Amino acid sequence: MAVPASAAPATETYGGWAVETPGPISTGRPLVRVSRRVPVPGPGELLLRVEACGVCRTDLHLTEGDLTPHRPASIPGHEIVGRVSAVGKDVTRFRTGDRAGGAWLRGTCGTCRYCRAGQENLCPRSLYTGWDADGGFAELAIVPEAFAYPLPENQDAALLAPLLCAGIIGYRSLRRSALPRGGRLGIYGFGASAHLAAQVALAEGATVHVLTRSVRARELAMELGASSAGDDRDRPPEPLDSAILFAPVGDLVPVALEALDRSGTLSIAGIHLSDIPVLNYERHLFQERNLRSVTSNTRQDGYDFLALADRIGIRVTVSRYPLSQADRALADLAADRVNGAAVLVPD
């Protein structure tokens, strides 16, 4: 039976970071410290005390204005691991004290043709954590129970956080790449999402080639079992059955397409991408090469990936930052100074 929520005193507050004026984090201060009144969870909601929150490239896009803000002074962060400190009316799956995870997708209509067809990631009325509601760059966060994930009690919160977006989106991107069993996969960019997707592909018998400009990321790729690791403009040592573009760089689309074998598929993982250059039909698309985008994820993607990650013992490489240094974490992500995934933890 759920434990009912109790209203917090009106004077009780919590701290976090909000996007005040979106802009380049390298030259300004778009992310600022804020103090907010502690919220009371509404019907079907959980109030989480944040144990860890991953720092996703989408958070950077929101902070710098690549994605148009949906609300003023929103708190970013959508890879949330927390403890339930209060629950709203009609909550049945969680009790106070439980560990729960909040992810990017936080709401859908449930009635449109996409939701009814199991494609809730395409719901026109979908809502997102940190974009449509405050997220996890804070001490507390509200998460709808219907979109929360139960998480294991015996694992480091900082190692769980990147699974909730980087892992789930990487998993969907891998499936969208139509990689055949034992196939040859190219991965362009090797940050938080890529280093998790690579491990899934390797566990399923793929040969993985990593293309990234980061020397440290190449070293990590080889440690995890990649067959090769080169610069993002290099040609992989063999034609690819599939490729995933994680770097938000449109110039790499023709590079990756040209590396595909006949009938190969390129999956573009990001929510934001710089402009794609003009493609040459014969060089980039002929011989039935395919180009696919990835849009968010379904909750089923999340459940499938989290179960798979537990089964294969996925290794999560993280760089930890105290919550008080969230702006530095984003700046490091923008400058490619993060190895693996950046994660905020309480000070």
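For clarity, every value in this text was computed on a predicted model and none was experimentally measured.
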Just so I know, are the side chains of Arg57 and Leu333 near enough to count as touching, which here means a heavy-atom distance under 4.5 Å? yes
For residues Leu273 and Leu266: do they belong to one hydrophobic cluster (side chain heavy atoms under 4.5 Å, members Ile, Leu, Val, Met, Phe, Trp, Tyr)? yes
Look at the side-chain heavy atoms of Ile, Leu, Val, Met, Phe, Trp and Tyr, link any pair under 4.5 Å apart, and say whether Leu291 and Phe286 land in one connected group. yes
Do Leu48 and Val84 have side-chain heavy atoms sitting under 4.5 Å apart? yes
Take Glu12 and Arg37 through the side-chain contact (heavy atoms from CB on, under 4.5 Å) test and state the conclusion after the steps. CA-CA 6 Å; Glu12 192 175 342; Arg37 182 174 296 176; over 6 Å; no
Taking C-beta and beyond as the side chain, do Pro22 and Pro69 meet within less than 4.5 Å on heavy atoms? yes
Does the distance from a Lys or Arg side-chain N to an Asp or Glu carboxylate O, for Lys89 and Glu45, drop under 4.0 Å? no
Examine the side chains of Ser228 and His209 and answer whether a donor and an acceptor come within less than 3.5 Å of each other. yes
Would Leu220 and Val343 show up in the same hydrophobic cluster when neighbours are defined by side-chain heavy atoms closer than 4.5 Å? yes
Distance check, rounded to the nearest 0.5 Å: Thr129 atom OG1 versus Leu164 atom CG? 10.0 Å
For residues Tyr321 and Asp332, is any side-chain donor paired with an opposing acceptor at under 3.5 Å? yes
NZ/NE/NH1/NH2 to OD/OE distance under 4.0 Å, Arg213 and Asp231: no
Would you compute the distance between atom OG1 of Thr295 and atom OH of Tyr114 and round it to the nearest 0.5 angstrom? 11.0 Å
Indicate yes or no: does Glu153 engage Arg83 in a salt bridge with an N to O separation below 4.0 Å. yes
Linked, directly or transitively: Ile169 and Leu252 (ILVMFWY side chains, under 4.5 Å): no
Smallest separation among heavy atoms of Thr108 and Cys115, with atom names: CB-SG, 3.8 Å
CD of Glu258: more than 12 outside heavy atoms within 6.0 angstrom? yes
Given side chains that start at C-beta, do those of Val50 and Leu140 come closer than 4.5 Å, heavy atoms only? no
Residue pair Glu288, Arg262: steps toward the side-chain contact (heavy atoms from CB on, under 4.5 Å) verdict: CA-CA 6 Å; Glu288 299 193 353; Arg262 298 176 181 219; over 6 Å; no
Within residues 45-89 or reaching into it, pairs that qualify as ring pair (Phe, Tyr, Trp, His ring centres under 6.0 Å) - sequence neighbours excluded: His61-His272, His70-Trp131, His78-Trp104
Salt bridge check, Glu51 against Arg99: does any charged N sit closer than 4.0 Å to a carboxylate O? yes
Between Tyr303 and Tyr149, is the ring centre distance below 6.0 Å? yes
Only one of Leu279, Leu285, Asn280 clears side chain to side chain contact (heavy atoms under 4.5 Å, CB included) with Arg283; which? Asn280
Between Glu20 and Leu31, is the side-chain contact (heavy atoms from CB on, under 4.5 Å) condition met? List the steps. CA-CA 6 Å; Glu20 189 171 73; Leu31 201 65; over 6 Å; no
Taking salt bridge (charged side-chain N to carboxylate O under 4.0 Å, His left out) as the test, write out the residues that go with Glu282, two or more places apart. none
From CG (Asp347) to CD (Glu139), nearest 0.5 Å: 8.5 Å
Ignoring hydrogens and angles, tell me if any N or O in the side chain of Ser319 forms a donor-acceptor pair with the backbone of Ala342 under 3.5 Å. no
Which value, rounded to the nearest 0.5 Å, describes the distance between Asn297 atom CG and Ser173 atom OG? 9.5 Å
Heavy-atom check, side chain of Asp310 versus side chain of Pro152, under 4.5 Å: no
Regarding Asn121 and Ser296, do their side chains bring together a donor and an acceptor under 3.5 Å, going by distance alone? no
Interatomic distance, Ile75 atom CD1 to Phe137 atom CZ [nearest 0.5 angstrom]: 10.5 Å
Give a yes or no on whether the backbone of Ala103 and the side-chain of Glu79 come within a donor-acceptor separation of less than 3.5 Å. no
Backbone N or O of Tyr281 within a donor-acceptor pair of the His284 side chain at under 3.5 Å? no
Does a salt bridge link Glu120 with Arg299, judged by any charged N lying under 4.0 Å from a carboxylate O? yes
Can you name the closest pair of heavy atoms from Ala148 and Leu46 and give their distance? CB-CD1, 3.9 Å
Provide the closest heavy-atom pair for Phe147 versus Arg106 in the form atom of the first, atom of the second, distance. CD1-O, 3.4 Å
Please check if the side chain of Arg125 supplies one atom and the backbone of Cys109 the other of a donor-acceptor pair under 3.5 Å. no
dist Leu62:CG -> Leu67:CG (nearest 0.5 Å) comes out at 5.0 Å
Distance-only polar pair, side chains of Tyr128 and Ser126, donor-acceptor under 3.5 Å: yes
Treating Glu64 as the side-chain partner and Ile25 as the backbone partner, does any N or O pair qualify as donor plus acceptor under 3.5 Å? yes
Determine whether Leu323 and Val345 make a side-chain contact, defined as any pair of heavy atoms from C-beta on separated by less than 4.5 Å. no
Under a single-linkage definition using a 4.5 Å side-chain heavy-atom cutoff for Ile, Leu, Val, Met, Phe, Trp and Tyr, are Val55 and Val318 assigned to the same hydrophobic cluster? no
How about Arg71 and Ser74: does a side-chain donor come under 3.5 Å of a side-chain acceptor? yes
Using side-chain heavy atoms (C-beta onward) and a distance below 4.5 Å, is Ile187 in contact with Thr212? no
Output yes when a side-chain donor or acceptor of Arg315 lies under 3.5 Å from a complementary backbone atom of Leu224, and no otherwise. no
Nearest heavy-atom approach of Val143 to Gly101 is CG1-O, 4.4 Å
List the steps, then state whether side-chain contact (heavy atoms from CB on, under 4.5 Å) holds for Arg320 with Asp156. CA-CA 12 Å; Arg320 300 170 193 251; Asp156 184 345; 2.5 Å; yes
Are the charged groups of Arg36 and Asp134 less than 4.0 angstrom apart, N to O? yes
Within 6.0 angstrom of Arg49 CZ, more than 12 heavy atoms from elsewhere: no
Looking at Asp261 and Arg289, is any side-chain nitrogen of the basic one under 4.0 Å from a carboxylate oxygen of the acidic one? no
Which heavy atom of Pro162 sits nearest a heavy atom of Ala341, and at what distance? CG-CB, 3.7 Å
Ser193 side chain to Ala166 backbone, donor-acceptor under 3.5 Å: yes
Considering only heavy atoms from C-beta outward, does the side chain of Ser267 approach that of Ser242 to under 4.5 Å? no
Residue pair Cys165 / Cys56: nearest heavy atoms and the distance that separates them: SG-SG, 4.0 Å
